[in-house]
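Along the sequence shown, residues carry numbers from 1. Heavy atoms only: backbone and side chains are in, while hydrogens, waters and symmetry mates are out.
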Amino acid sequence: MRTQQTLRLFAISTFFLAYCIGMEGKDLTVTSPGGKIAVGLSDDLRLTVSYEGRTLFTAETGLRLGASATGGRQLRKMKSGTVAMKVTEETTEAPFYRQKSVSTSYRAMDVRLAGGFGMHVRAYDEGVAYRFYTTNKKQTVIADETADFSFPADSKAWLAYSTNDEKPFAMAFQNTYDETLLSKAQDKYIFLPATVECGRVKVTLLESDLRSYPGMFLKADGNSLKASFAKFPKRMGYYKWRGMSYVEETEDFIAKSEGARTYPWRVMVITEQDTAMPVSNLVYALAAPNRIGDTSWIKPGKVAWDWWHDWNLKGVDFEAGINTRTYEYYIDFAAKNHIPYVVMDEGWYDSSRGDIMHPIEAIDLEHLVDYGRERGVGIVLWTVFNVLDEHLIPACEKYAGMGIKGWKVDFMDRNDQGAVEMAERLANSCAQYRLLLDYHGFYAPTGMSRTYPNILNYEGVFGMEEARWAKKETDMPRYDVTFPFIRGMAGQVDFTPGAMRNGTKENWVECYQNPVSMGTRCHQLACYVVHDSPFTMLCDAPTNYEREQPCVDLITSIPDTWDETRVVLGQLGHYIVTARRAGNDWYVGGQTNWDAREVTLALDFLPTGSYQATIATDGINANHNAEDYRLEQRQLTPADRLDIKMASGGGFLVKLIRKN
């Protein structure tokens, strides 16, 4: 009987008879189904990954057991192993993901180590993954894990460094990418994903199925990237501001657990073309299946958001701020434009006291929930991770009972084992109360949206909030056409786009209370197609949108979930053109860095038929006034081609509605 989550799981032989090879103390090799990728595993657990016969990189792997990082038992020796000559194929339903389902195929090896430990290795046509496991029934303490990746000399890399030099494992996982030779990388911790160019292919390091274990960091060492992990928390402290917890003291080990278990997948995606990077599905495919059951109650959708523009309304007859009248206005705006959600961000409760159970006096929350319900608008509440965790069941009972739709949870700012367990605990409990989640101040996704589909979105991105305090030299348009290729591999991204105040490279200004995006209006519109984001903010003020109704209408007409996603054109760090299908209709979004460029968009990806096209392009004066854009309507077919000019920091959006 097939389940909702897994449509089919079966193995096919690539030979006339499927069989396995068992080996004692010898090197093993497994190849991908298509034969391009080969993974060799030596007796000392050294992986050698080659592509079309050429070595791409090697990886020293292993575990150190015990409560001390300098002592304990090393697991760096193979006892025996088996290589499956068959190909395993899996197709998995993928609700709220970039496509309706995910299909993969791989060959695998299973290696036995000492003491009931083992190692799984898989070779996909898209890359390689490995993980450790234990069959022990008692407690296991992991002092450290070895994952040292060595690349060819002078390999170029794209690396995002920790922003906290004093406590590098405590930060929001938000930074631009340093495009550098590995040998010249900064002496800082790097958070995932990270990409390295190896000749004509790129290798991107990620992780999947991160559960009850710390997330991986990296540090450059010559031509290598060596893994590091946050230690297991021993004692927590609290910042008075927001009641946010932090790790005050750690143990001398990274993880502990009870009983048999698997450890996270180490994922190495291998891509020949940059356009294949944003649509890699290995992180999702390797994650644990759905654990919450029915997902029909989970409703993706767009969100009217208050924080980015600092509740900065204009032309209204009341004092705008964190009060009931202001949120009535947001709800009215959302209802008028068929926006299903409003987020009430920080300030609805006294965050300095962590008093999540009581709204401030200026907020009549029950009234606002009823007011929204009458108008078809749901409310999502902001909170701090540990504050929700400390009041988890009472808060879920109270606010789900009131009619709240979910939580925007913020300021985790760590990925040690305790943090990872908290994220899963929240997801599981909120699912029981039918509450959706948007994770902020959080590490890049590791497949949790497959396991807990009520997590609709994740931050872990240098997003639009940075425009409130960035400096003029900050190159956000370049980042905007870099992160979809790298961070986008990991999954959903809450970039929070939609700015109606837009600036060119020359005239952009920093303004905290009335922020301006870097790049053109069409660069912003394209975000709603370029990004994987089933729970997407409209970041600007309702009163700004009301003066830009054509843009609002275009944004709200774009679907929130997709049947198919392709990147039809693009180059990492330069530009990207993404096409997505919902039913019979297609939507195409394009963005460029600060370089103006012209692209030719061939529509041959469309099925036969006629399409009513709405095309938004940078206006003729967009290089001088970034808010200038042009809308046109045309009839198009798959035989047509569009020559589109993107201004500096520009973009475009094409909506193709099937007519016959």
Using 0.5 Å steps for rounding, measure from the OG atom of S228 to the CG atom of L218. 8.0 Å
Ion pair check, E424 and R211, cut-off under 4.0 Å: yes
Pair R64 + D144: basic N to acidic O under 4.0 Å: no
Would a 4.5 Å heavy-atom cut-off, applied to side chains only, mark F495 and T536 as touching? no
Do side-chain atoms of E207 reach the backbone of W265 as a donor and acceptor pair under 3.5 angstrom? no
Spacing of OG belonging to S208 relative to OH belonging to Y284, to within rounding of 0.5 Å: 10.5 Å
Stepwise salt bridge (charged side-chain N to carboxylate O under 4.0 Å, His left out) check, R501 with E548: CA-CA 11 Å; R501 284 167 50 85; E548 302 284 356; over 6 Å; no
With a 4.0 Å cut-off on N to O distance, would you call E465 and R468 a salt bridge? no
Between Y371 and R375, is there a cation-pi geometry (under 6.0 Å to ring centre, at most 45° from the normal)? yes
Using the side chain to side chain contact (heavy atoms under 4.5 Å, CB included) criterion, which residues pair with S68? Sequence neighbours excluded. T70, D252
Distance check, rounded to the nearest 0.5 Å: Y189 atom OH versus S162 atom OG? 9.5 Å
Under a 4.0 Å N-O cut-off, is there an ion pair linking D350 with R242? no
Closest contact, heavy atoms only, R521 versus A499: NE-O, 3.9 Å
Answer yes or no: is there a side-chain heavy-atom contact under 4.5 Å between T474 and E466? no
Quick one: does any side-chain atom of D540 pair with a main-chain N or O of M500 as donor and acceptor, under 3.5 Å? yes
Would you mind telling me which of D345, D438, D306, D494 makes a salt bridge (Lys or Arg N to Asp or Glu O under 4.0 Å) with K408? D345
Does a salt bridge link R266 with E145, judged by any charged N lying under 4.0 Å from a carboxylate O? yes
For the CH2 atom of W469 and the CD atom of E510, what is their distance to the nearest 0.5 Å? 10.5 Å
Using modelled atom types and a 3.5 Å cut-off, is there a donor and acceptor pairing between side-chain atoms of Q174 and backbone atoms of G460? no
Backbone N/O of R478 and side chain of D475: donor-acceptor pair under 3.5 Å: yes
Under a 4.0 Å N-O cut-off, is there an ion pair linking E251 with K231? no
Assess whether a salt bridge exists between D209 and R450, defined as any Lys/Arg side-chain N lying under 4.0 Å from an Asp/Glu carboxylate O. no
Partner of F442 under ring-ring contact (aromatic ring centres under 6.0 Å, His included), picked from F411, F385, F191, is F385
Restricting to side chain to side chain contact (heavy atoms under 4.5 Å, CB included), what partner residues turn up for A419, sequence neighbours left out? M412, R414, D416
Correct closest heavy-atom pair for N415 and M216 would be ND2-N, 4.2 Å
